[in-house]
*Asks:* 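Before anything else, here's the structure in question.
Letters A, B, ... are given to chains in the order of the sequence lines, protein chains preceding strands, and every chain is numbered from 1.
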Amino acid sequence: MSDKVLPREPLAYTAVDDIEKIHDRLREGFRTRKTRSIEYRKQQLAQLGYMLQDNHERFEHAFMLDFRRHVLDSHLAELGSVHSAVLGCLRDVDQWAKETPIPFNLNFYFMSPKTTAIAAGNAVMLKPSELNIATAALLAELFPKYLDPDMFAIVNGSIKETQKLLELRWDHIMFTGSIRVGRIVAEAAAKHLTPTTLELGGKSPVIIDGSSKGKNIKLAARRLAWGRMMNCGQTCVAPDYILVPRECQDEFVREIKLALESMYPSSRGGPRQSDSYSRIISIGQFDRIKRLLDGTKGKIVAGGQGEREERFLAPTISVDDLNDSDRLGREIFGPVLPIVPVDSVDEAIAFINSREHPLALMVFSNDPEFQQYVGDRTQSGSYMINDCLFQATVDGLPFGGIGSSGYGNHVGRYGFETFTHSRATMDSPAWMDLKILYGSRYPPFRKEDVSRIKLIWGEGYIPYPRLGEAPSLRMRMGKVPWIKLLELVIAAWALKSLWWDRNGNGGWVKEWVTGFWAGKLRLGWT
Amino acid sequence: MGTTHQSSPVVSTKAAKSLKYTPLQDIPEIRNTLRTTFKSGKTLDLAYRKTQLLQLAYLLKENEARFIEAFKTDLGRPELEVNALELHSTIGECVTAWKNVDKWAKPEGVPFDMTFGVMSPKMYKQPKGLGLVIGPFNYPILCSVGPLIGAIAAGCPSVLKMSELTPTISGLVADLWPKYMDLEYTQVVNGAIPETTALLDLQWDHRSGTVGKIVAKAAAKFLTPTTLELGGQCPVFLDTDMDLQVATRRILWGKTINAGQSCTAPNHIFVPLDQQAKLVEAFKKTYAEFYPEGAGYSQSISHIVSEGHFHRLKTLIDKTDGEIVCGGETDASQLFIAPTILQNVKLDDPLMKAELFGPILPIIPVKDYQEALDYTNAGDHPLALYIYSNNAALKERIIGSTISGAVDINECMLHMAVPGLPFGGVGQSGSGAYMGKFSYDTFTHHRSSIHNPRWTDMLFGWRYPPYTSSKLKSASSQAPSIPAPRPGPGIAEVSSGGWFTWVSPKFIPTLVAIALTMRQCSFPRPP
């Protein structure tokens, strides 16, 4: 593997004038109602799966060019996850679509997991990030080969192209990225009243339990080092800073250094030579993160070296002060992990609550009380106990933020629902208009109509007394589980009639049960 | 007792017009109070939320007579409509939330998964934060207090902004609120544009409202999620193969209830040209049945909410080229417009420019349903779409080729009242949904969580660098394969995982039991 800068061809942007045409083409495609067929959706999903499978080497190469990322990481974080998303959709889409037969319209979808949008029967425009030069070019090449061009299109470009996209009217916009751009997208969407799903980010904190009951520093160090350094820290749910009890600080720093050493052993050239360590996506991003390291505040205890041309930044651990740090401002989004000593868990919670809600909050503790204590007093998109990053891949869990970390969910069933409109429906037969049913709603209204409507519609009965009052007889009777009691009586009667027949002799159930036990006893089983 | 001969109920000239607006400088103060309450964690207590839900229910129930009076003053609304549509439905919502909130608030598990089952994945239900509910004038209780119930059940301290067009009702709610509700949890703000602007200038954690674009834009500034309940022209597709008396009765009911000022009221009717005459006959008969003394004398008709809306509707009736079949009378002093049915209305008629939101019902003859479908699909998605027909193929065709918030067959508007159905729009008719559990979920954040014990590193240890070829192998071994053949003609059934899906731990006891029983049965019975 070369240590030289990996050469990337410049990304070909979509012509701005074409964007509207593509939009109209998709709108037309959607109008043909082709996507209403579940069969068609499954076909397209499978195509997406095969696109990844057939070209996995090319994708791995593109990730290599963009991030210098190892195959295993690409597999774990991208290809494998999208792959299982495709499979989950293929498996379940029939069932999901049953309850919600009418799909949403046309979408506008920024980053990778678009599988659910297809499963929900949408025509989709995908705009990959212009920073992923190699990957975006590969997607643009492969998309039309595998997917129906009338329904699915890719637009590449940067600000100008994105502005054009946002001017047009879509039926759902899903955006993954920064808070600043998220606000621009939300404002553009509001003009057309387009619902949006925003996947933003923010500084996701970690709280370490230092009490003897819940302490597990070694485990925390290993998992956090992995979570932060994977993909060179460029993960929205990655741990951003660690709040550690002051007395455990030294032990934690020692353990995390050991963990880093075991991952990128210096005997094999450290992270720079390691094929398991990725690179920063662009020079611009590299400079931004490097500035964070060059600040005078705090102390860097590991790493800190960088190689601008190579976009290489060593895994960096710093010790920072809670009230005075450059690194606790904006989201770091790079391989830098500040350790912030605190005096108590309450100080840590107060610090977290004084800021915007994070996308993820992690605690490392073996003490269920501690886990509950932190969970109840904080708000975050997801809450992880003793691990990180996995929330985005668990089938069946919603993945989404709260507050400034975004809103709306995706992944699996939640993605399907994001892109689906649940259309309420009813079919009312003519006999519903009998006077004793809903016939009383029609004018002219008479006194008896009012009382009849009260009877059918419910007359606003509240089955619980006012504050300080005793419950009425009706309320007390209503609390008795009548249906359950009736069920019990029927079950007892049925059992009785199965056990004894009409003449009081043993029925077949009694025969069978006693026979079974007798057989067992004879064979000496017990 | 039949209808009486007295003239229609007098809409007082808004004697109570002096609705007390909330002072502007109090509004940030109110939000700070709510923020403090939320931070105290008091609203996490389910018992507290339930008390507030009950108090709200009793607020409506114990003041029923005063509400009926207030509705008469503001909207001239008959008692039956107030009871059925506003008070009892809203009390019902409170009771539903009160009964179910314990269940709704429980952490929710996810279906078992081989890979992640050991990490105990689940979702905690947490309140989003502060809620802002902006209500409309047409259903001042159902559509204002209704969504607020979701916020109360979810534990979000909230502000309810009532409409300034219904001064008596909004004033009554504001009067009663401190007597029943905890002002640290929910507050009512009254006012017009400046007050609403002041509310929108603050940061909230969830909003739901009806002034569409303004609300959405103001929310985008703070990245606040919004639920929008807007409206649109709800079309009716009518086929004369069904009992026309039933159809016309239901349509006219939907159109005249609250004098057509309902977001889901049928807006216009599409009928094949040759069937129009039949339909008009049926409408005339129903009209006479509803208003035996003539519409002007009926006590069963609501009035128009404001002079502005009255003049808008009056101008529409004057300008249209359609022929009036029934109604057409107006009375400016009472803000009264008789239910007006028009025939031979063209698609480009002034009546079709925007949502009517009044008791005017145009019948549009079309040459076939395709023309009506094309017209509907070319416009914005309506909040509801109604089909009156017994023809299964036609119903399916219309449902399949249109998009709308809801679709009712042989009925209108009632889907709002069905427990368990979401109420919400799509596209320009809004986004998000409420009613029952949907309201609760609107104001709740589903916080996903996993708890990964230490020993799982034996299974997932391959994720840590340095990445060796053996680690890569174990990673790949957990990668799934695509269970469907490469698409081409005839891709059909995707197997749902085969027998392997069934070997999940929950079936192990059953399998053991079956195995034991089979073993027992296979033994030769001793003589």
*Asks:* Does any backbone or side-chain atom of Lys122(B) lie under 4.5 Å from a heavy atom of chain A? Answer side chain, backbone, both or neither.
*Replies:* backbone

*Asks:* Going by heavy atoms in the side chains, are Ile399(B) and Arg423(A) under 4.5 Å from each other?
*Replies:* yes

*Asks:* Select one option (side chain, backbone, both, neither) describing which atoms of Ser431(B) are under 4.5 Å from chain A's heavy atoms.
*Replies:*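 Side chain only.
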
*Asks:* Heavy-atom distances under 4.5 Å only: say whether Phe423(B) touches chain A with side chain, backbone, both or neither.
*Replies:*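 For Phe423(B), there is no contact with chain A at all, as no heavy atom is under 4.5 Å.
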
*Asks:* Looking at Asn386(A), Asn366(A), Asp433(A), which makes the most heavy-atom pairs under 4.5 Å with chain B?
*Replies:*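 Among Asn386(A), Asn366(A), Asp433(A), the one with the most close pairs to chain B is Asp433(A).
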
*Asks:* Taking Pro398(A), Gly408(A), Ser380(A), Ala186(A) one by one, which has the highest count of heavy-atom pairs under 4.5 Å against chain B?
*Replies:* Ser380(A)

*Asks:* Go through Thr90(B), Asn410(B), Leu44(B) and name the one with the most non-hydrogen pairs under 4.5 angstrom from chain A.
*Replies:*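 So the answer, after comparing Thr90(B), Asn410(B), Leu44(B), is Asn410(B).
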
*Asks:* Relative to chain A, which segment of Asp408(B) carries a heavy atom at a distance below 4.5 Å: side chain, backbone, both, or neither?
*Replies:*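 Both parts, backbone and side chain.
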
*Asks:* If the plane angle is over 60° it's perpendicular, under 30° parallel, otherwise tilted; pick one for Trp253(B) and Tyr442(A).
*Replies:* perpendicular

*Asks:* Among Ser401(B), Cys94(B), Ala433(B), Pro127(B), single out the residue with the greatest number of heavy-atom pairs under 4.5 Å to chain A.
*Replies:* Ser401(B)

*Asks:* Quick check on Phe38(B) against chain A: is it the side chain, the backbone, both or neither that has a heavy atom closer than 4.5 Å?
*Replies:* side chain

*Asks:* Sort Ser120(B) into side chain, backbone, both or neither according to what part of it lies under 4.5 angstrom from a heavy atom of chain A.
*Replies:* neither

